[in-house]
Each structure stands twice: as C-alpha cells, then as structure tokens.
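Notes for the one structure printed next.
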Number of protein chains: 12
Amino acid sequence: MNILIINGPNLNLLGIREKNIYGNTDFDTYLDRLKTEFSNIDISYFQSNNEGELITAIQNYGFGKTDGIILNAGAYTHTSLAIADAISAISTPVIEVHISNIFKREQVRHHSFIAPVCIGSVSGFGLDSYRLAIEALKRLNAQE
Amino acid sequence: MNILIINGPNLNLLGIREKNIYGNTDFDTYLDRLKTEFSNIDISYFQSNNEGELITAIQNYGFGKTDGIILNAGAYTHTSLAIADAISAISTPVIEVHISNIFKREQVRHHSFIAPVCIGSVSGFGLDSYRLAIEALKRLNAQE
Amino acid sequence: MNILIINGPNLNLLGIREKNIYGNTDFDTYLDRLKTEFSNIDISYFQSNNEGELITAIQNYGFGKTDGIILNAGAYTHTSLAIADAISAISTPVIEVHISNIFKREQVRHHSFIAPVCIGSVSGFGLDSYRLAIEALKRLNAQE
Amino acid sequence: MNILIINGPNLNLLGIREKNIYGNTDFDTYLDRLKTEFSNIDISYFQSNNEGELITAIQNYGFGKTDGIILNAGAYTHTSLAIADAISAISTPVIEVHISNIFKREQVRHHSFIAPVCIGSVSGFGLDSYRLAIEALKRLNAQE
Amino acid sequence: MNILIINGPNLNLLGIREKNIYGNTDFDTYLDRLKTEFSNIDISYFQSNNEGELITAIQNYGFGKTDGIILNAGAYTHTSLAIADAISAISTPVIEVHISNIFKREQVRHHSFIAPVCIGSVSGFGLDSYRLAIEALKRLNAQE
Amino acid sequence: MNILIINGPNLNLLGIREKNIYGNTDFDTYLDRLKTEFSNIDISYFQSNNEGELITAIQNYGFGKTDGIILNAGAYTHTSLAIADAISAISTPVIEVHISNIFKREQVRHHSFIAPVCIGSVSGFGLDSYRLAIEALKRLNAQE
Amino acid sequence: MNILIINGPNLNLLGIREKNIYGNTDFDTYLDRLKTEFSNIDISYFQSNNEGELITAIQNYGFGKTDGIILNAGAYTHTSLAIADAISAISTPVIEVHISNIFKREQVRHHSFIAPVCIGSVSGFGLDSYRLAIEALKRLNAQE
Amino acid sequence: MNILIINGPNLNLLGIREKNIYGNTDFDTYLDRLKTEFSNIDISYFQSNNEGELITAIQNYGFGKTDGIILNAGAYTHTSLAIADAISAISTPVIEVHISNIFKREQVRHHSFIAPVCIGSVSGFGLDSYRLAIEALKRLNAQE
Amino acid sequence: MNILIINGPNLNLLGIREKNIYGNTDFDTYLDRLKTEFSNIDISYFQSNNEGELITAIQNYGFGKTDGIILNAGAYTHTSLAIADAISAISTPVIEVHISNIFKREQVRHHSFIAPVCIGSVSGFGLDSYRLAIEALKRLNAQE
Amino acid sequence: MNILIINGPNLNLLGIREKNIYGNTDFDTYLDRLKTEFSNIDISYFQSNNEGELITAIQNYGFGKTDGIILNAGAYTHTSLAIADAISAISTPVIEVHISNIFKREQVRHHSFIAPVCIGSVSGFGLDSYRLAIEALKRLNAQE
Amino acid sequence: MNILIINGPNLNLLGIREKNIYGNTDFDTYLDRLKTEFSNIDISYFQSNNEGELITAIQNYGFGKTDGIILNAGAYTHTSLAIADAISAISTPVIEVHISNIFKREQVRHHSFIAPVCIGSVSGFGLDSYRLAIEALKRLNAQE
Amino acid sequence: MNILIINGPNLNLLGIREKNIYGNTDFDTYLDRLKTEFSNIDISYFQSNNEGELITAIQNYGFGKTDGIILNAGAYTHTSLAIADAISAISTPVIEVHISNIFKREQVRHHSFIAPVCIGSVSGFGLDSYRLAIEALKRLNAQE
C-alpha cells in the first residue's frame, strides 16, 4: 500500500517555530517514526510553501499512483479553493489533517475549503493526527 | 484503560434511518466489534436524545471515572453551548467524532460548539471514526 | 387512520398564558372537539417541554405506528436541529403547525429548522391550524 | 360565501412546467374540482404575471366584494413589498398558499413579504394547499 | 412652469386605507388644494400600481415635457432598481417624497433605491410633503 | 412663531470647506436671507461641534421655548444615539435637514439615528433644505 | 415572602469546576449564607441540567406559588427561546443573574434570549449577584 | 433558425440616455445591423418596461416557438425572481446579456437572479454582447 | 466609604421626559433618598451630556479618590469606546447601571461598549438599579 | 492579430476530470480547433497552477506583446486579488471566460475578483466560451 | 516648519494607565525629546478628551496655521465620522498615528474613520510612531 | 545593521503601471536612493509575484540573517494567511508598508492578514513609506 503525505506552507518549520502550538518534533524525525510503525506501507512525503506546487502534486499522485493522500494544507486550508478543486478532480481518497485544533484558534481558521471535498478530517492530536489518518486509509483500503 | 462513548440524539437509530448517510450497521453490533478489537480497554456506552442527560453523563464520568470520552453529540454539536460548558468543566480528555463528513452537509452543521473545547475531532470516516478516536486516546494515555 | 399530535414546550399552558396570542381554549377541550369532528380517526396526543422527549416520541411513532404526525414544536421550531433530524429519520409524514402567525412575530421565529423536513406547514389559524393539518393528512392518506 | 383565488406569476403554467415541483394538474381542472367540492361557495379566480395587476385585483376585491382571498403570489411572495402593502390596506382576510414547501427550496424563497400581513399560511401540500385555505376561510367566516 | 406628480402602488387608496398612517384625505381632494395654492403652476398627476407603467411615465415626461417630477414610489421605493434607472436616464429633476416618516417604520423601508438618483427627498410631513417638493422645484427652477 | 435652527459639527465651515458638496454661501449670509424671507418668524441659531452641547441645546429649547427645531446634525446624524434620545425626550417638533443628498454619499451616511425620532426629513436641496423645513413647521403650526 | 432560585446547566458544579471564572464556593454553602442573611424570606432552590425541566419548574412556580424567581440559566441563556417563552407565560417577576460578567466572555454569551422577558438583569458580581437579585425582589415586593 | 431578443426596462432609451455607459447607438439601428450580419437567422425583438410582460413573453416563446432567447433584463436582472422562474419553466435555451460590465458597477448589480437559470452569460462588450450571444446560440443549435 | 454616581446624556431629564420608560422621580430627589438609606457612605454625583466630560470625570476620580463608580452612561453606553477606554485605564471598580431593561428596547441598545470593562451590570430595576449597585460596591469593599 | 489564452489551476485536467461539469475534450485538442477556425489569428497558450506564474504571464504579455488576453483563472477567479491587480496594471484588453456557468455553482464561485477589471465576461458555454471571447476581441480590435 | 500634534481621549494618561499597552513614558517627557530631536521644527501640542474640541482644534489649525497635523484620535478613531469630516474640510496634511498596533487588538479597533481622509497612517511603534510621522511631514514639506 | 525589503506581486511594475496610484519612480532607482541615505545599513531586496516564494524568503531570512524585514505584500496583504503564518513563525521584526493609503481604496483592501503579526504598519506615504520603516527599524534596533 502506498500513501502520500503532503504538507503545505510553513510546515517545513515544524519543531522550529511556535513550539507551543505545533510541538518540538521536526517532521523528518516524525516521518521516520511513522515508517517504522507502518513498515508494510510505502509512505512518500512532499512539502511546499507554494499553492501551485501543492495543486500539481495532488494532480500528479491523484490518478492511481498512490492509494491515499494525507493533506495538511496549513493556512491554504482556509484560503485555497484551487487546492479543493484539485482534490475534487482526482479519484484518490484524501484525508485532511491538522496538528493543532483549528477550532480553538482564530475565526478564519474555522472554515476549511478542503474539508468538504475530502473523505474526512482529523484535527487536534498533534503529529499523531497523521498516524490516525494512516489508520483510516488502511481501513478504507481494506474495505475496497 | 477505561473509555466512555457517548452518542447524542437520533444516534440510537443508526443502521435504521438514512442509511445513505450513516451506513447500515446498528451501533450495538459495531460496539461489539470495537470491544473485540480493543480487548484490553474497558469501553462503556451511553446514548440519550436529551441534552440535559448528556450533560449529566459528561459530568458524572468527567472526574476521574474514565480515561477518555468519545462524544458524538449529533445535532447538539451545532446548537448546544451547555454541552460545551460541561466539557470545559471536566478534566477528562474528550474527542469529538462524527460519522458523516459534516462539512459536506448543510451550512448549520459546519459550526461546532463542541470542537473548541475538545482535544481534537475526527469526522467523516463512517463508524470507523470511533475506532480512530480510541486510537487517539490510547496514544494520549500512553504519553501521560 | 391513526394520527399523533405532538405539542412542544409551553403549549401545556394553552388557554392559560398569553391569551391575546394563543386564545383562551385549553388544548384538552380542543382535542375533544377534534375527536368529535373526526370521529373515524384515532387521534393520540403527546406534549412535553423537553426536546429529548419530543425526539423520542417522534422516533417511537415514526416507524409505522401512526399514519401521520402533526407537530407544533413551539420555540424548539426555531432552535432544534435535533428534532429536525428525528423527522428526517422517520418515514411517517409530519406536518408543522403553529397557532399564531409566526411571521408576524420576532425575527427569530421566522426561521424554522423543522419546516424543510416536513411535508408542509400550516400557520396562523389559531387552534384551527391543527384541524387543517388533519384535513391535509386525510387527503394525503387517501392518495396513497 | 364568496372566495377569490389569486395566482401570481408563472402559475398559469401549472401542469405544464416543472412537474416534479408543481405536479401535473393544470389549475383550471383543479378549480373545477374545488367548485364541485365546495358547491355552496362562490369561487372566483384571477391570475396575472404582473405585480401591478395583482395589487389592483387585491384592492378591487378587498373592500367587501369577497369574504376571503387565497393568494399564491408565486415569486412575488419573496420580492414584492407592494403586494404586502395592498393586503395591509384591505380588510378582507387573506391567506397565503404555496404548492411546494418553500422552505425546502433556495434561501431566497424562505422569506415572505406577504406572510406577516396575511391571516395565516399553508405551504407544501401541492394543490391541496388551496383546499385547506378554503377550509380555513369557511371556519373563519363561521366564527364571525 | 409644469410639474408632474407621480404616485406609485396603493397610493390610489389614500384617505381610504390605513388612515392612522396616511391620513384621511384622498389625493384628488388634496391635488385640488395644491392647484389652488400654486395657481400659476401647471400640475399634472399620474398614478399606477404597475412598476413598468411608472417607468414609462418617467421616461415619457423626462425629456423636457415637464420642469420637475415629484415621485412617491410607495413600496417600489424599496424594491425597484428599474425605476431608479429610469430616473438616472432622464434630465428632468426628480424629488422623492413620502407621506409617512419611512425611518419610523420597518427596516425594509429604510433603504431607498430612488433617493440616490433624485435631487433630494422630503419625508414624513403627511400630504404636505408634496407641497414642500413643489416649493423646492420652484426655487430650483428660479435658479436656473 | 419661534424657530430654532441647530447646526452640528463642521457646519461652521459652510462656504469655506468642500464647496463642491456644500456650496459657497456661508451660513450667516443665508440666515439673513431666511430672516428676510420669513420676516414674521423669530429665527434663532445655534451651532456647535460638540455632541454634548447640541444635546443641551435641544433640551433647553425643547420644553416650550420654541415652536420648532430644524436640526442639521452633520456627521452626528450617523453616530449619535444620544442626540436622538434628546429629541425623543422633548415635545417640540424637530425636523432633520441635510444640505447634500446623504443617500448619494458613502454607506455610513445612509443611516440616520435622528430620522426616526423627528417629524420628517428634508435632504439634498442645498441650503434651501432649511427654508423648506421652515415651510413645513409653519404648516404644522397652523394645523395645531 | 417566597423566592425561588433556579440554576441551569453545569451550575451544580459551582465550586468544583473552573474556579477562576466561577469562584470556589459551592452553591449549597452559599445558599445557607443567603438564608441566614435573609432570614425572613423563604428561599427555595432548583437546579437542572435539562432545558425541559427548567421550563416546567418556571411554569410550576409561575402562577402565584412564589413572589419572585431568580434565574441563572447558564448556557441556556444564550440558546433557549423556550425558557424565554416560559418566562413570558407567567406573571411572577423573574430576574436574570450571572455569576461572571458575560460581556467579558465569548461573543455567543453576549446575547441573552432571557433578558428581554425578565424584569432586569444582574451580572458579574460572582455569587453576590444572587443576593442583589433578592434585594431587588424585596424592593419590588414592597412597592406592590 | 429563429432567435428572440428580449430587452427589459429602460433599454428602449439606448442611444438616448447615459451614453457614457450604454453607447450612442439606438437598438433599432443595431438590430438592423444584426439582421444583416446574420441574414439566415430570423431575429425577433421584444422590449418592455414591465416585469409581467417580460414573463409573459418568455412563456409565449418558450415552448418551441423560437430556438433561443437572448435576454437583457436590465435592472430586473437584479430584482426579479419571477423572471428567473419563467426561464426555469421553459425548455428553450436562454442567454443572459449585458451591455455594460455589471461587475464594474454598484454592488446591487453584481447579483443576478437570472444567471443561474440561463445557459450562460455575456457581459460588458457593449451592444456586441448581443452578437456574441447569437454566435453562442448558433453553435448550440448546431450541436443538437 | 466614598462612591461616585455618574449619569450620562439626557439623564438630567429624569422625571421630566418619557416617564413611561424612566419613571417620574427626578434624580435629585432619588439621590437624597439614597443618601438617607446609606447614611454612612459619602455619595457624590456628576452628570454631563458631554462624552468628553464624562471621560474626564472618570479619570479624575479613578485614581483612589473614590472607592467605586456607578455609571449610567445613557446612550453613550452603546456608542462610546472612549468611555470604555477611560474605565479600562483606572483601577477603581466601575459598575454599569441602567434604569430601563435595555434588552427590551431597540437592537442598538443591546450592545454595550462599557459592560466588558466594568465589574458587573445592573439593568432594568428603575432607579432601584443604583441602590443595587451601591449594595454591590459595599460588599466588594468589605471583601478587600 | 495576436491573442493569448491563459488557463489557471486545474484546467490542465480538462477532458480528464469531472467531465459532467467541464466536458470531455482536452484543451490541446480544442486549441487546435480554435487555430483552424481562426486561421488568421496567432493564438498563444499558457497554463499554470501557480498564481504567481499567472501574474507574471499577464505582466509579460500585457505591454504590447499581444492584442488581447483571454483568461480563465479557474478557482483563482474567486480568491486572487493579485491577479486582478496584474490585469489593472496592463493596457491590453483582458476577457474573463468560464467553461461552466459559475452562477449555477456554490456561493463562493459567484464572486469574481477579476470581472471588474476585465473588458467583459463570457461564462457557461463550455469550451465555446473561448471562441466567443476571440470573436469579442476581433470586433474590439477592428473598432480601434 | 510648524507641526501640531493632537492627542485624543485618554492619551493624557500615557505613562500612567495600562503600561503594558502604551508604555511608561508620559507624553510631556516624550514631547520634550521630540523637540530636542527636531530642534528646527516648531512643535505644538493639543490634547482633549472631547470630540468637539478636537474638531475645533483641527479647524483652527487647518487653514494655513500649521504645515502638518499628527493626529492620534484614540478611541474616536473608530467612532467619529465628525472628526473625519473636519480633516476632509481642511487643506493641511494630516497623519494618523497609533502607539499600539491597533490590528492586534479588538475587532472594533480595526476600522478607522480617520484613515481614509489622512495622508497616511503610522501604527504600532509605541511613541516612536509620532517621530516617524514628523519624518514623513518633513519629507512631504520638502517635496512641495 | 542588515535590513531586507520584500516586495510582493505586481510591485515589480512600480513606475510603469498605474502611476496615479503608485507614482512614477521604479523601485531600483528608489532602492539606490535608500542605500545612499542609509549608507551604514546593508539593505537587501527581494521581489516575487509568488506567494510561496515570499513565504520561503521570510523563512530564510527570519532566523537571524537580518535585523529586520520591511514587507509590502501587495495584494497578498489582503488574501494570504500563509504569509502571516510565516511572519508569526520567525523572530525577526517585520514592518508592513504600503505605498498607497489602502484605506482610501476598495473595501477588500481595508483588511490586512499581515498587520496583526507585524510590529507596526506604515501606509500611504508613497515610496517614502519604506524609508519610514527603515527609520523605525533603526530605532527598534538601537533600543535592544
């Protein structure tokens, strides 16, 4: 089983910036842990600060090259209809994840353009949100 | 480890009503499956159509009687500030779950009174949302 | 033919409170009149001030035990998504009635959570709204 | 007893257009049925696509020439304050009817300029809404 | 000097309807008084319940056939962008008048489509609003 | 007959500032013209940039010391509920005037706190708005 | 003199939960203090987490059984039109109290359904709000 | 091929009024040009200032009498749900056109009731918008 | 103990204006009653119609010259952020009072700029609101 | 004559994704057809998923290098003020096109940042929208 | 070169109140520093808590008596259209300054009535905002 | 001391486009002037039309590589939460600048995502806004 994790803007700073919100683990370290925990799943990773590159990545992987996409679109979650359109355009299941509980934060972060076009959302569990999304994709994959 | 699952209004009809939205498994059957899958966790269950009884249940279990609450407040998610207050009042971690992807549905269901006072939210994975919430609580519990 | 009339919060005070809005007949007296007028219909009656009990009543009667429900949800009309969900969940036709013309009253009473999930609405005819709803159910029943 | 039924814009197309919403009976056929069912009531009928003509009709009949008006103002329900003013100006009771359940349709159809100045509203019962309005007027007439 | 007074929907009922708001003088009687008071001005009068006819009247008189238009558009004041467009299209000065103080009434009557395209507005002086508008037009005319 | 004209903030700059909006006549010159035109009326004048002083002036003149107040509250028209309360508190009729057509200007100037508590409003006729208000007060006075 | 104090949802946790907002005295201890301070007043107490039971309590005491009701409806203050209707329906004076200053808290707590149907409101004085409400009822009672 | 062009209120003044917005060609002259350019298409024309007559025209032509309607509803574009309903009721394709770019103008002109029920919209090309709409209908016709 | 009562605009008219809302006692008479009832408290009084003078008064008394301020800011309650800033700037406790129940009045009076920066609010008890505020300050003072 | 067609995000998937909305022709095929149909026009093409690259393209072509730009900005239509600024900055005429009728889709797609800075808009004709835009540019070009 | 600094309500408390927001330097001390730093500029200073006095000051200095005004209108920034009107009325350049970053504070402070009528704004640099404004005025002055 | 100036979309066109708004100096020429004026400060410069590249630039310079960033995010000021997040993530002080007075322009430009996460804002002084921001950074730097 192949899974792609896509991280959006500023998530390359995980473990560096605002540790009170996002924790102090950088994503590479966490990714290694995930690969260890899910040793029979091929987990790829893509990060970009660029809305257009995120769209292109979703398009590139979205036609059968992966069994599921886990997307943390960062701030683009709340401003990008174009990323939502890319998700609508592909057939691969996409799961929205957030490290922080976005509903505890400013009003603008309570609306997600992406949520309505994803299978489901996992929000607020710190980095563990990604693991839960993998669990969800595994079960979805098993059901098909 | 003890976990309490609380289901709100109309969720007693799971497997009976609107199967296109909620699937055709009734919750008792699903609960048995969960208990089998998490055999070393003591899973309790409470359902009520009554806002006040849900508040009382949260209060009763919220002071050390359980290690975590998984709450699907149904339609009260979107109208009950009082349930949110009950969650704020207790120290037990609470996770919000939804069977359907509430962001795909009517506007009124996009706002949750409960999300900002929970640890996190899991939404849109069908009944599997409950399993993911248990996975989240297990990890939270292990970290403490 | 079986019909259930459900009255919501404060409607137990009909004939007692605010007679300028709701008239001075109590509901029991009116119910007797209805039973006389529709002698070949079995008319049941349920009243509760409790949102949860109203939901449970709709669920209990909503799977074949009655041919139609006439619902005056009182103030819950304007605040209860959970009652609306209960109506959506059952197959029995439900008709929304109001004694007063809710569109003549405060802004908050102009929106009904319940109207979009009912067959239709009858509002503003005093207690006669209930009789008109029975007339509507009779015709619906005859057509099936 | 004299009753006037007024139909607004596009209701001349009943039975022709959008049958999934409005049914497939044309209004003349239905009017004959009504006249048969209420043989002791003199039922007149007026239809216009023109807001001004509807106002003039309400004015002309509104000073004692009829015992009640049943008004389906069609789309003008949601845009015409001028028709509402005409209703306010007369003393004849007016009842608002709608064939479809307007609360199930687009947002703009949820607000009625006309509802607050009518006796009451009947909405969602197909053509039977007109019959129910006649029933309501009969009772009102009997009470005076 | 020529002046045209245009009255919109339901203003044909002046002196008949809602006397507490609009007074009990009918417009013909008042018009005679105006003609007497302003004997050296040629005052014409047009009334229609029909938005389109009001537009056509404004167009017909708006190219030099009159020295000023006094317009009480009634409820169309608040709903008709098309009448506003007609006023914009002509060069004749138009003055908006209202018998009642529209700012004391419902919210919907506080917004006027017509006010921004008129020279000025006179509101709230009963029928005397028309006289004041004539006074205004006289002065405007004298200044040119 | 006694009339008080009250001008609010910045109206002391008439004829000096923004002549394209307010014209190039200063108010003292205009006031002399008014006094000449209405030689049998005693016209007083008060101007202040200060909301509190305007309130006090309205109070001082509002209990029988004058037969009518003509108020151009300038920008306070749109922000001062306290001036509106002063008008409500007195029995003297108050007329709202504006030199410019406030409905042609920015959105914030379309709402008046003062309009609903005045007899009526005259807006958009340049300085002539004051004369029209005197005309209105004369007629009101004659009617009592 | 008889007074009933009604506390709504989660107020049974006073002194236990969120002490930074609500203080650390439980209500029973405070009630004893009140009874001591007002020894010549018969003070009853009712608490429920249930909207329906609060409505029923208001109804039961609202027809002469008590001289005044002091109501802290907790979160229902902001969501329950039905409790407001119950207050409207009775003749007993009701005073709204809040322990915290609700205007310092989230936006949703700034609107009260209950305030417009109560005699008055006392908010922000901690538990002392209840004593002030008793003082108010005493004076009201003395005046009748 | 038959095409009907319908123009709404004030469009009879094209070439006369507000030439800076609408240009200085009158529609008859332009229509002749269109007929010359599309000599093999039978182009009819209807204009009215009256909402009701526009509805009736759409109804009359909307059942097979024409292969396509080009509608410039003028200001009714932004206020008439009834015209939109007429378009929904017919099967003939309708194209919305505007001479000016409505999105450059006031806010109220940015919303169109008509756009969602038409095939498509052409806006901002001056009178050339009509020619483009004919081009569109020709292609649509060719595809069927 | 020293207490300052500050009254805002138009409250100098108490007992004179709008007696149906504010009662018929003038404030001086009432103040004497308060001084008699609280003979061991030194009660000062300040009234102004002027926002700036109210700010200056709050500043002058707000640094230890008084033990508490009771503020009825009248209409400035709803429009003055500057008075709220003055309250924030001082350390003396301030209590907001209103004679009428502001939540029963127009929408604009439901929002208070001042409430969130005061200790608490007392509203709706007529002049007795001031006495209750003194009671509150006495208790606050005793607790420190 | 030179024309540049610019397509925004996800439009590289035309003919692949969501065929029910966008049809099943890929853009290259369609472009060839356009080049054949307009053999005397030099048609260039640029597509990017990247907002910044679209801005740069508009800048690069916007100073005389092309006679007109046809822009389908996809989802950026509704979120990009920066693209609108680029259009404002150049002198080349830009025409907005949409394949689908954006007014039939979700609310967020009804607002266009781009429409007010373009010459005009063509929306809803499938790929034919591009051809119509070329027709419009040809006529514009001929007029200069 | 002459410059006038105007401070609005509560800014007389600088260095005294809320030091965490406004710092602990009083304005007189800071003014001396400014005068030292800009020894060749004549810096005047005016402070008032009174909206009307601020308007009058702007008027008095606004016709050539000073080369520039630096205005910190405090809370009146967000509520005073009348001050904005005074600025519009004069020809002297006015610069808006704020000590704190108003965009970090409550929503009501994000809107400025004054910003659109000033040359520019400087916000968030503590007292240094005034120095930057002087720098700006110097450059403006040098350019003329 | 090192300072980085970052310019967002379309600011590469300074001196070329819309000179009435942005002046006719290109940024390179201006940058040379700045470097001359602040010869002891090392001023770097970065411009991009691309939101993602702007984020990356802020990240790259934001961890000690520069003593301050001056950011004119152009239209992204009003649409980019992701740039705001990048600013929040770094410790380097960032100052928001605008050439034009954004509060004089369209409504959408009145809200800034970036302002609340910057030290302060300078807006409306033409290119001089950049110099003022350098002045601010110098003083900030001197204070540390």
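Throughout, protein chains are lettered first and strands after them, A, B, ... in sequence-line order, and every chain is numbered starting at 1.
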> In Å and rounded to the nearest 0.5 Å, what is the CG to OG1 distance from H/Asn12 to E/Thr56?
Replying inline: 7.0 Å
> More than 12 heavy atoms of other residues, nucleotides or ligands under 6.0 Å from CZ of H/Phe103: is that the case?
Replying inline: yes
> Side chain, backbone, both or neither: which part of E/Ser80 has an atom under 4.5 Å from a heavy atom of chain H?
Replying inline: neither
>> Rounded at 0.5 Å granularity, tell me how far CD1 in E/Ile55 sits from CD in H/Glu51.
In response: 9.0 Å
> Do you know which two heavy atoms are closest between H/Asn10 and E/Ala82, and how far apart they sit?
Replying inline: ND2-O, 3.0 Å
>> For chain E, which candidate among H/Ala75, H/Gly52, H/Gly8, H/Gly74 shows the most heavy-atom pairs at distances under 4.5 Å?
In response: H/Ala75
>> I'd like to know whether E/Asn50 forms a side chain to side chain contact (heavy atoms under 4.5 Å, CB included) with H/Asn50, so could you lay out the CA-CA distance, the side-chain angles of the two residues, the decisive distance to 0.1 Å, and finally the verdict.
In response: CA-CA 8 Å; E/Asn50 192 307; H/Asn50 192 308; 3.0 Å; yes
>> How about OH on H/Tyr30, more than 12 heavy atoms from neighbouring residues, nucleotides or ligands closer than 6.0 Å, or not?
In response: yes
>> Can you tell me how far apart CZ (H/Arg109) and CG (E/Asp85) are? Round to the nearest 0.5 Å.
In response: 4.0 Å
